[in-house]
Number of protein chains: 4
Amino acid sequence: MSSAPLQRDPSARASRRDQRLAEIFAHAAAVFCEKGYAGASMRDLSRASGKSLAGLYYYFGSKERLLFLIQKHTLLTVVERLRLRLEGVSDPQQRIRVFILNHLEYFLANQNGMKVLSHEADALKNELAKELAAIRREYYHLAVGLLDDLKHERGLRVSTRIAALSLFGMMNWIYTWHNPKVDSDAASIAADMADIFLQGVAGTRNRTNSGSGAENRG
Amino acid sequence: MSSAPLQRDPSARASRRDQRLAEIFAHAAAVFCEKGYAGASMRDLSRASGKSLAGLYYYFGSKERLLFLIQKHTLLTVVERLRLRLEGVSDPQQRIRVFILNHLEYFLANQNGMKVLSHEADALKNELAKELAAIRREYYHLAVGLLDDLKHERGLRVSTRIAALSLFGMMNWIYTWHNPKVDSDAASIAADMADIFLQGVAGTRNRTNSGSGAENRG
Amino acid sequence: MSSAPLQRDPSARASRRDQRLAEIFAHAAAVFCEKGYAGASMRDLSRASGKSLAGLYYYFGSKERLLFLIQKHTLLTVVERLRLRLEGVSDPQQRIRVFILNHLEYFLANQNGMKVLSHEADALKNELAKELAAIRREYYHLAVGLLDDLKHERGLRVSTRIAALSLFGMMNWIYTWHNPKVDSDAASIAADMADIFLQGVAGTRNRTNSGSGAENRG
Amino acid sequence: MSSAPLQRDPSARASRRDQRLAEIFAHAAAVFCEKGYAGASMRDLSRASGKSLAGLYYYFGSKERLLFLIQKHTLLTVVERLRLRLEGVSDPQQRIRVFILNHLEYFLANQNGMKVLSHEADALKNELAKELAAIRREYYHLAVGLLDDLKHERGLRVSTRIAALSLFGMMNWIYTWHNPKVDSDAASIAADMADIFLQGVAGTRNRTNSGSGAENRG
DNA sequence: AATGAATGAGGGTTCATTCAT
DNA sequence: CATGAATGAACCCTCATTCAT
């Protein structure tokens with residue numbers, strides 16, 4: 001299966017194998033991150049990971065599939081962590097704060113993978129694209145679910161769609177500007193963004209003017 | 001015609017030339033948009049624009065310089081339009097609404113150029129990168145100025161930096177999701193985002209909890 | 001005619017034209033000298049000479065013809081100067097000294113042209129090659145004539161052909177090593193080479209061993 | 001065969017590889033020889049050698065490096081052969097005869113390589129140029145050493161520098177004129193040139209006139 | 001008399017990929 | 001299990017040259 005390298009096999013052997021692959025992922029993500037998917041060559045990846053060129057093909061089949069595996073691994077990890085963190089949190093606002101914190105924490109902890117996930121969203125084609133899009137959709141709908149909960153509790157100033165996509169934009173854009181020497185840690189940024197977002201979409205209304213009064217267009 | 005012996009407008013010639021170049025820009029931006037800068041070949045651009053390959057080099061010198069010119073032209077246009085629109089608007093919140101509307105309107109009107117500006121922010125190197133970064137900085141500081149005005153009037157829930165970058169993220173991310181068949185027009189989306197943002201950063205405070213209490217760190 | 005630009009026209013107008021062309025020759029020779037004929041582009045020549053690219057074609061027709069004209073001009077000048085200098089000199093050894101001095105003096109005075117003449121001897125093709133070869137042959141036979149005179153007077157240690165070609169090699173190689181900061185002037189080098197050559201081919205015989213006893217094979 | 005499981009000679013593999021490379025060298029030298037370094041395209045070399053274009057890059061890295069390897073190989077071979085031949089020869093004049101013979105024999109035996117070495121002396125740049133220049137210098141100083149020995153024994157009519165460079169010119173120029181149908185073999189030409197040179201620089205003095213009396217300026 | 005505009009052909013080089021071992 | 005060797009296709013770019021003006 002195309003997802004084989006990512007399946008958690010309980011045996012130590014496969015685990016060691018996974019570990020080796022994870023190292024290659026890390027190197028590859030760094031290269032994709034720096035040069036972009038199209039701009040990175042398999043030789044770049046080979047050099048960075050210390051594996052032979054043919055070895056990469058032996059393990060991953062193609063450059064595209066390597067990107068796919070990185071993106072899938074990254075995305076599944078975020079989703080998995082989010083699921084765990086959401087357990088036991090029931091307040092809608094709080095759940096959204098958890099969502100934002102989880103996203104940004106992992107973004108800053110695994111900046112390369114997350115940037116590749118954000119920046120190379122259109123690089124995959126055909127089957128691989130479809131498979132990844134399915135997981136993306138899953139994550140997206142998870143977020144939408146959180147927003148809907150909030151909407152039921154407090155109403156939403158804008159459509160769920162606009163709210164969700166604005167939030168993703170706010171968060172994902174971080175790879176273009178985050179500078180560890182200047183910016184606070186993930187928790188702090190997450191709190192700020194959560195404040196902006198929650199207050200923005202669900203706070204007391206005091207809109208001073210509006211070109212479009214309609215809500216819930218999404 | 002360029003052979004007309006009596007040209008009234010001395011800039012007519014350059015203007016026509018500029019127009020021809022602008023057409024190539026449009027085609028090139030579309031290709032960069034679809035395939036990415038690195039993934040687009042000069043042959044792709046040649047085919048799309050109907051110009052010969054060598055002709056592109058005659059006009060633009062290099063693939064990188066073509067990207068640069070597209071980005072510069074796009075960015076200068078947004079800045080220029082913003083400056084015009086801000087004239088006569090003095091209310092800080094209103095000025096920010098104008099800023100958001102201007103950005104999104106131009107984004108949706110010239111989606112290719114703006115996506116290239118957003119997505120290929122790191123593609124340029126050396127001198128060209130520096131020159132563009134200078135204009136980017138100008139635009140960024142223009143936004144920061146608007147936020148500082150707001151801050152003086154009403155306070156800001158977060159640092160100006162986080163506020164500004166969150167706003168840019170919210171807006172720029174639009175190229176990843178906007179679908180004219182589903183989404184409203186620019187004015188409506190701009191109003192929504194402005195609502196979220198203004199209410200979020202400067203609205204009535206009712207923060208329920210906060211991991212980072214510090215405000216105004218920017 | 002292909003040689004038109006080099007014909008000495010008594011009219012001032014053509015003379016001025018010749019002068020302009022001579023300037024271009026000088027620039028072009030410098031470029032050919034530095035980059036080689038094949039390695040120099042017409043754009044290089046255009047830049048160096050300050051003429052437009054199309055202007056070079058207007059004046060010279062092709063890159064090859066420009067090389068041809070430079071070589072022809074250079075070669076004709078050496079021959080012409082040699083003829084003048086040989087007038088009134090009758091001693092065979094002295095005539096050879098004049099030949100060597102003339103060659104080296106012009107070589108160091110017009111190093112670019114002479115290097116191009118030496119180094120790019122095979123660059124021309126077809127008609128232009130033939131026309132230049134004819135002048136080269138003329139110069140070569142002029143040298144051979146001088147050697148034959150010497151041979152009649154004092155005998156020659158080797159064939160005229162080997163003698164002549166060795167002498168040309170000795171002289172033409174100078175472009176690979178002459179360094180004005182280290183080496184003497186043309187007169188001094190010419191005297192040295194003449195000493196070596198004359199003593200070598202026509203001096204007292206005291207050959208200690210010989211793999212080839214046959215003389216006068218040329 | 002390369003599939004033999006039991007290779008006796010551990011260097012057999014590298015040796016076969018070297019042999020394959022040497023064949024490519026030969027073809028490439030022939031092409032460089034005919035068209036010049038700048039005038040020869042990698043596609044020309046690919047065609048001539050029967051290797052794929054990409055294969056040439058796999059082996060040699062660049063056109064320049066291919067030239068470098070040819071020149072280095074050729075030059076090292078001449079030097080090596082010379083060292084062997086000089087063993088056991090002690091008479092200064094005889095040693096110079098050996099030097100000339102060695103140079104010309106190898107020149108005519110490997111005309112392509114030696115012409116490329118002579119004619120493309122300035123084609124390399126930067127590091128490769130430096131590395132080759134070092135070997136060239138070694139060979140040059142080897143010649144200078146021979147001349148100095150002669151000078152100590154019999155004196156020299158001219159500076160060592162001029163003597164050495166004149167001799168190199170005489171010899172290297174051979175690629176411009178040698179015609180196997182007309183000219184004698186290497187031994188005969190070498191003897192002639194040795195006669196000219198030795199008699200010229202160290203023979204009985206009977207200089208009849210001199211523009212520059214100074215000797216031993218080098 | 002002189003040139004800006006334009007291009008087809010080809011330059012050196014790198015690409016993702018395969019395959020025999 | 002892993003890789004050195006090899007390549008067809010494509011890369012960005014420059015070439016010598018033409019032609020309308």
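Predicted, not measured: the structure shown is a model, and the values here were computed from it. So you know, we letter chains A, B, ... as the sequences are listed, proteins then strands, and number each from 1.
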> In whole Å, what is the span from the CG atom of Leu56(A) to the P atom of dC15(E)?
Replying inline: 14 Å

> Does the side chain of Ser41(A) get closer than 4.0 angstrom to OP1 or OP2 of dC15(E) through an N or O atom?
Replying inline: yes

>> With a 4.0 Å cut-off on N to O distance, would you call Lys72(A) and Glu131(A) a salt bridge?
In response: yes

>> On DNA chain E, does the nearest nucleotide to Leu53(A) precede the nearest nucleotide to Leu53(B) from the 5' side, or the other way round? Give the residue.
In response: Leu53(B)

>> Tell me the interatomic distance from Phe68(C), atom CZ, to dA16(F), atom P, rounded to whole angstroms.
In response: 20 Å

> Does Tyr59(C) make a side-chain N or O approach to OP1 or OP2 of dA2(E) shorter than 4.0 Å?
Replying inline: yes

> Quick one: on DNA chain E, does Met42(D) or Glu64(A) contact a more 5' nucleotide (nearest heavy atom)?
Replying inline: Met42(D)

> Is the shortest side-chain N/O distance from Tyr58(D) to OP1 or OP2 of dA5(F) below 4.0 Å?
Replying inline: yes

>> Closer than 4.0 angstrom, basic N to acidic O: yes or no for Lys130(B) and Glu127(B)?
In response: yes

> Could you give the distance from CZ (Phe32(C)) to CG (Asp44(C)), rounded to the nearest 0.5 Å?
Replying inline: 9.5 Å

>> Counting only side-chain heavy atoms from C-beta out, which of dC15(F), dA16(F), dT18(E) sits nearest to Ala54(A)?
In response: dT18(E)

>> Given the structure, check if the side chain of Arg43(D) and the base of dG12(E) hold any donor-acceptor pair shorter than 3.5 Å.
In response: yes

> Does any nucleotide pair with dT21(F) by Watson-Crick or G-U wobble geometry, both distances under 3.5 Å, and what is it?
Replying inline: dA2(E)

> Now, which nucleotide makes the Watson-Crick or G-U wobble pair with dT13(E), with each of the two distances under 3.5 Å?
Replying inline: dA10(F)

> How long is the gap from SG on Cys33(A) to CE on Met114(A), to the nearest 0.5 Å?
Replying inline: 11.5 Å

>> I need the CD1-C1' distance between Ile24(B) and dA5(E), as an integer number of Å.
In response: 12 Å

> dG12(E) C1' sits how many Å from Tyr57(D) OH, rounded?
Replying inline: 4 Å

> Separation of Leu66(A) atom CG from dT17(E) atom C1', in whole Å?
Replying inline: 14 Å

> Would you say a side-chain N or O of Arg20(A) is under 4.0 Å from OP1 or OP2 of dA2(F)?
Replying inline: yes

>> Expressed as a whole number of angstroms, how long is the span from Lys51(A):NZ to dG4(F):P?
In response: 11 Å

> Within the structure shown, what part of the strands sits under 4.0 Å from Ala38(B) by heavy-atom distance: base, sugar-phosphate, or nothing?
Replying inline: nothing

> Closer to the 5' end of DNA chain F via nearest nucleotide, is it Gly61(B) or Ser52(D)?
Replying inline: Ser52(D)

>> Please report the interatomic distance CZ(Arg43(D)) to CG(Leu56(D)), rounded to the nearest 0.5 Å.
In response: 11.0 Å

>> Between C1' on dT13(E) and CZ on Arg65(D), what's the gap in Å once rounded to a whole number?
In response: 15 Å

>> If I take atom CZ in residue Phe60(D) and atom P in nucleotide dT14(E), what distance separates them, rounded to the nearest angstrom?
In response: 16 Å

